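Bear in mind the structure is a predicted one, so any value in this text is a computation, not a measurement. Excluded from the calculations below are hydrogen atoms, water molecules and symmetry mates; all remaining heavy atoms, backbone and side chain alike, are included. Residue numbers begin at 1 in each chain, while the letters A, B, ... track the order of the sequences.
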2 protein chains.
Amino acid sequence: MKRNTWQREAVREALGQTEGFVSAQGLHSALHTSGSPIGLATVYRALGDLAGAGDADSLQSPEGESLYRACSTDAHHHHLICRNCGLTVEIEADAVETWAKTVAAKNGFTQAAHVVDVFGLCASCTQAATVHVVGPQQ
Amino acid sequence: MKRNTWQREAVREALGQTEGFVSAQGLHSALHTSGSPIGLATVYRALGDLAGAGDADSLQSPEGESLYRACSTDAHHHHLICRNCGLTVEIEADAVETWAKTVAAKNGFTQAAHVVDVFGLCASCTQAATVHVVGPQQ
DNA sequence: TCTCTATTGATAATGATTGTCAAAAGCAAT
DNA sequence: ATTGCTTTTGACAATCATTATCAATAGAGA
Ligand SMILES: [Zn+2]
Ligand SMILES: [Zn+2]
Ligand SMILES: [Zn+2]
Ligand SMILES: [Zn+2]
């Protein structure tokens with residue numbers, strides 16, 4: 001049987017308070033900064049459990065880090081993520097869902113699952129980036 | 001200026017001879033087995049260059065490894081991957097392309113890129129109903 | 001051939017993630 | 001509340017893919 005600990009609740013709480021995706025390390029340092037003495041390994045375990053239970057979304061950043069986010073809904077959905085500040089928008093994609101199923105079936109594949117994520121620069125980060133891009137490069 | 005070395009050609013060659021996606025480590029050991037004394041770091045560099053130049057596709061396995069595959073076309077495309085045997089089918093997805101652009105633009109995002117991969121069991125692996133499972137589960 | 005410099009590769013370093021295991025804490029039954 | 005059993009924790013070590021070093025090697029143009 002699974003036991004209830006303040007550590008797991010702290011992770012759930014911290015994840016819920018975070019805007020966008022966070023890494024295990026990031027969440028641990030956030031918790032640590034706010035005074036929690038929770039251990040790093042515990043944060044990894046708790047996030048893994050949450051993701052496994054479907055209470056958190058997880059994806060891999062382009063750099064290979066595992067990122068987590070509190071799910072606002074238990075329905076299947078995807079994300080539009082700012083690769084600069086982490087701002088995340090949950091998006092629906094019925095068209096993509098049916099497309100994935102169709103293309104898999106057409107090629108004889110079964111048990112199809114899919115990874116669909118859109119990365120970009122959000123509006124505010126786009127402005128900030130524009131300032132930096134102007135001028136001599138390198 | 002970029003120089004031509006037998007190492008880069010060996011990587012290109014080995015990648016082209018590989019069915020499905022391979023990791024840098026995997027390709028290196030394959031080369032090593034076939035008698036090539038190429039160094040591991042060089043394989044990493046060559047694969048990175050190929051991917052950067054658009055001559056190779058890359059994606060991250062669910063375990064976080066970077067995998068590479070020789071591109072059969074230079075056009076943007078996606079993959080349908082058997083998570084048991086690695087068989088890969090290149091797929092086009094104009095609908096997904098436009099959808100990704102649209103959803104990004106609608107939310108004020110710029111420089112949108114996307115990750116779209118479909119994992120499943122190919123026809124033959126479905127029959128075999130094997131165990132070695134790789135990839136996102138349902 | 002002769003420079004000049006990009007490239008290589010053995011190895012060290014990095015860094016995220018997982019394994020270890022004794023100590024601490026949940027939970028159910030006394 | 002106490003006991004007893006078991007899960008969970010956390011400091012630390014271990015793993016493992018990837019990157020950084022840097023002296024030695026080898027393209028390529030003069
Ligand atoms: Zn942003
Ligand atoms: Zn979907
Ligand atoms: Zn297969
Ligand atoms: Zn695409």
Side-chain angles (χ1 to χ4, degrees), chain A residues 1-15 18 20-53 55-69 81 83 86 138, chain B residues 1-15 18 20-53 55-69 86 115 133-136:
Chain A
M1 64 293 279
K2 188 169 286 185
R3 296 176 179 175
N4 297 325
T5 64
W6 65 262
Q7 286 95 334
R8 256 199 269 273
E9 195 47 48
V11 169
R12 191 176 238 116
E13 171 80 14
L15 191 64
T18 304
F21 282 86
V22 255
S23 66
Q25 309 250 7
L27 201 65
H28 174 253
S29 74
L31 281 161
H32 195 269
T33 300
S34 71
S36 173
I38 191 173
L40 176 59
T42 302
V43 175
Y44 271 100
R45 284 187 285 243
L47 286 176
D49 289 350
L50 287 175
D55 291 333
D57 269 320
S58 68
L59 60 82
Q60 289 181 21
S61 74
E63 291 76 32
E65 252 187 342
S66 285
L67 304 180
Y68 300 86
R69 181 175 199 256
I81 306 149
R83 61 170 149 256
Q138 296 295 353
Chain B
M1 59 298 283
K2 188 171 288 185
R3 294 177 182 176
N4 296 325
T5 65
W6 65 264
Q7 286 96 333
R8 257 200 270 272
E9 195 47 46
V11 169
R12 190 176 239 117
E13 172 80 14
L15 192 64
T18 304
F21 283 86
V22 256
S23 65
Q25 310 250 5
L27 201 64
H28 173 252
S29 74
L31 282 161
H32 195 268
T33 299
S34 72
S36 173
I38 192 172
L40 177 58
T42 303
V43 175
Y44 271 100
R45 282 187 285 243
L47 286 176
D49 289 349
L50 286 175
D55 292 332
D57 270 318
S58 69
L59 59 82
Q60 288 180 20
S61 77
E63 290 74 33
E65 252 187 343
S66 286
L67 304 182
Y68 300 86
R69 180 175 198 258
V115 177
V133 174
V134 175

Novice: Would you indicate, yes or no, if C:dG9 has its OP1 or OP2 atom less than 4.0 angstrom from a side-chain nitrogen or oxygen of B:T42?
Specialist: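 Affirmative; the distance criterion is met.
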
Novice: Calculate the interatomic distance between A:Q60 atom CD and C:dA16 atom C1'; express it in whole Å.
Specialist: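 Roughly 12 Å, once rounded to whole Å.
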
Novice: In whole angstrom, what separates A:Q25's CD from C:dT18's C1'?
Specialist: 12 Å

Novice: Which nucleotide wins on minimum distance to the side chain of B:S66, given the candidates C:dA10, D:dT18, C:dT17?
Specialist: D:dT18

Novice: Is it true that a side-chain atom of B:H28 and a backbone atom of B:I38 form a donor plus acceptor pair closer than 3.5 Å?
Specialist: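 Checking the backbone N and O of B:I38 against the side chain of B:H28, a donor-acceptor pair under 3.5 Å is found.
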
Novice: Could you list all N or O pairs between the protein and nucleotides 27-29 of chain D that sit under 3.5 Å apart?
Specialist:
{"from": "D:dG27", "atom 1": "N2", "to": "B:R3", "atom 2": "NH2", "distance (Å)": "2.9"}
{"from": "D:dG27", "atom 1": "N3", "to": "B:R3", "atom 2": "NH1", "distance (Å)": "3.4"}
{"from": "D:dA28", "atom 1": "OP1", "to": "B:N4", "atom 2": "N", "distance (Å)": "3.3"}
{"from": "D:dA28", "atom 1": "OP1", "to": "B:N4", "atom 2": "ND2", "distance (Å)": "3.4"}

Novice: Provide, to the nearest angstrom, the distance between the CG atom belonging to B:L31 and the C1' atom belonging to C:dT8.
Specialist: 15 Å

Novice: Rounded to whole angstroms, how far apart are CD1 on A:I38 and P on D:dA11?
Specialist: 10 Å

Novice: With a cut-off of less than 4.0 Å, is there a side-chain N or O of A:Q7 near OP1 or OP2 of D:dG10?
Specialist: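 For A:Q7, the contact criterion (side-chain N or O under 4.0 Å from OP1 or OP2 of D:dG10) is met.
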
Novice: So, does B:R8 use its side chain to make a donor-acceptor pair with the main chain of B:R3 at under 3.5 Å?
Specialist: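 Confirmed, B:R8 side chain pairs with B:R3 backbone.
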
Novice: Would you mind telling me which residue lines up with the more 5' stretch of DNA chain C, A:G64 or B:L40, judged by nearest nucleotide?
Specialist: B:L40

Novice: Sequence neighbours left out, what passes ring-ring contact (aromatic ring centres under 6.0 Å, His included) with A:F21? Give chain and number order.
Specialist: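 Per chain and number, A:F21 pairs via ring-ring contact (aromatic ring centres under 6.0 Å, His included) with A:H79.
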
Novice: Starting at atom NE2 of B:H28, determine the distance to atom P of D:dA17, rounded to an integer number of angstrom.
Specialist: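 Spelled out: NE2 on B:H28 to P on D:dA17 is 13 Å.
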
Novice: Holding to side chain to side chain donor-acceptor pair (under 3.5 Å), I want the full list of residues that pass it with B:E65, two or more places apart in sequence or in another chain.
Specialist: none

Novice: Does some side-chain heavy atom of A:V11 sit less than 4.5 Å from a side-chain heavy atom of A:T42?
Specialist: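 Contact flag for A:T42/A:V11 side chains = no.
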
Novice: Would you indicate which nucleotide in D:dG10, C:dA16, C:dG9 comes nearest to any side-chain atom of A:Y44?
Specialist: C:dA16

Novice: Taking atom types as they are modelled, would you say the side chain of A:R45 forms a donor-acceptor pair with the base of C:dG19 within the 3.5 Å cutoff?
Specialist: no

Novice: Calculate the interatomic distance between A:E9 atom CD and D:dT8 atom C1'; express it in whole Å.
Specialist: 16 Å

Novice: Let me know the distance between CZ of A:R8 and P of C:dA24, rounded to the nearest Å.
Specialist: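 That distance rounds to 19 Å.
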
Novice: Does the A:T33 side chain pair with the main chain of A:S29, one donor and one acceptor, at a distance under 3.5 Å?
Specialist: yes

Novice: Atom CZ of B:R12 and atom P of C:dT7: how far apart are they, to the nearest Å?
Specialist: 14 Å

Novice: So B:Q60 and B:L67, do their side chains get closer than 4.5 Å, heavy atoms only?
Specialist: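 A side-chain contact under 4.5 Å is absent here.
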
